[in-house]
Amino acid sequence: MDGFLDLIRDITIYFSIFYPLLYIKSFVSNNKAFKIFTIYLVVIAIIQFSLVLIVKMKLGSNIFLSHFYFTTQFVLLSLFYAELLKFKWIIIVMTLVLIGVAYQFIDDPSLFYRYNPSGFTVTQLLIVIYALLYFYKSLSKKNEFLIVNIGIFFYLLSSALIFASGNLIFDVSISESVSATLGDINIVLYLAFQFLIFVEWWKNYSIPKIKS
Amino acid sequence: MVEELFNTENQIVNIVLIAISLLLVMGIAIVLFFYFSRNRIKKVQLDKANLEISHQKEIFRSTIITQEKERQRIAQDLHDAISSKLNIVSLNANLLSKNDITLEEANNIGANILKVTNTVLESSRKIAHELLPPTLQKFGLEAAIEELYEELFDTRTFKINYSVNYTQNFLASNLELHLFRIVQELLSNSIKYAEATIISFALETKKNSLYLQYNDNGKGMDLENSHKKKGLGMIGIENRVVILNGKMNIDTSPNNGITVTIELNK
């Protein structure tokens, strides 16, 4: 079982490098939302890669990277949905939340070496709300990025809980197997999310658009 | 102690697992709901589009039929009133060119040609007039309706009461023509098909709106049953009301005459 999950973990890491390449291929000929999403994939790939590097080279804790992961994810997906939904207030909400998170770190610098459950939950749930709004907007007409939207909605909704409970590993009374289980669930969900990103590219962007 | 620790651990894992499953189920429900609503909305939109297309086809069909009928009528008019008469002129002119006719005969033929030419002129003027009433262009809607009334009044088999209170240039001249045609078509329906004996209509403009109320005491019609197979005249009126961007209400039943109200807003 562990071997299988390790395999999935490796697959997700390789895929997270592979997908941006697919999207970069179609970067120029597509719209702003597509470009923002491609940048998101690239940034996530870099963070993933650094995570693995830190673990493999035994450089110590990689938890501080989670803050980069959540902040960039929040910023880029906010911009992505601001573009798709054409709502200006998403940018304002994004700025306010960023100020809030910055205040958390100023207030308690040691947070940098722990998980930040409230920060994770707020940022992930905001993105989930945007995904829901996008579902609503797509009801009556054909819209792009619907499959990715489903992926974002599922992955962020379920993983919000996993990451929010991330600080459990610092609880000495809880063994490592618990956090490992949570990590495994996250990996499976993440693979499903990646699969949907691939389906989106394959269905809508694999064939170059004819310029009209 | 170890057992206790194990229990808390299990509980936490269980709670987290249950919560994640609940979130996933909720998520699936939302996505399915979205998917089915989308399909339904698509279907409704498609039905609506199809209906619109069939309606447009119907309009298109009736336009073509009307056009063909009109052409037929004009061809008939041209043939009866002009071609055949010009034939007589040509025949007479041919006679004149012969050498062995007397002066008296020549005078007779000349008089005949003059007479026929005059009727041809009169007929061609009439045909042109029916195609596009010059009064409408020269003197406006009010004068054109008055003229229409005078023409019909000559026949005297029915009574027409009308009042026109139209502000000049309320409508653009091409739109005035549509309104005029509507009145013309209504009158022609009342006289030709409904055999009405009393017709009354009122046209009135207010600051930003125009009202046309028309009624007769003719045979009327069964709107419910005639809905599927409307006369071309009625379809023509409907189309013109659409072009004028107005609202029309028809109130009629067999043997109870007809009341048509049209309202346009600027």
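Here the structure is a predicted model, which is why all the values come from computation and not from measurement. These values consider heavy atoms only, across backbone and side chains, with no hydrogens, waters or symmetry-generated copies. First the proteins, then the strands, lettered A, B, ... as listed; each starts at 1.
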### Task
Could you list the residues that satisfy salt bridge (Lys or Arg N to Asp or Glu O under 4.0 Å) with D251(B), not counting sequence neighbours?
none
With only heavy atoms counted, which part of [X] is less than 4.5 Å from chain B, the side chain, the backbone, both or neither?
X       : value
F153(A) : side chain
S138(A) : both
L139(A) : both

Over 12 foreign heavy atoms within 6.0 Å of [atom1], [X]:
X       : atom1 : value
F112(A) : CZ    : yes
F105(A) : CZ    : yes
N174(B) : CG    : yes
Q72(B)  : CD    : no
Q76(B)  : CD    : no

### Query
What residues form a ring pair (Phe, Tyr, Trp, His ring centres under 6.0 Å) with Y190(A), not counting sequence neighbours?
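Scan of Y190(A) (ring pair (Phe, Tyr, Trp, His ring centres under 6.0 Å), adjacent residues dropped) gives Y155(A).
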### Message
Quick check on the structure: residues of residues 17-30 of chain B within a heavy-atom distance below 4.5 Å of chain A, by number.
### Response
L17(B), A19(B), I20(B), L23(B), L24(B), G27(B), I28(B), I30(B)
### Those residues of residues 33-52 of chain B, ordered by number, that approach chain A below 4.5 Å (heavy atom to heavy atom)
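Only F34(B), S37(B), R38(B), I41(B), Q45(B) of residues 33-52 of chain B have a heavy atom under 4.5 Å from chain A.
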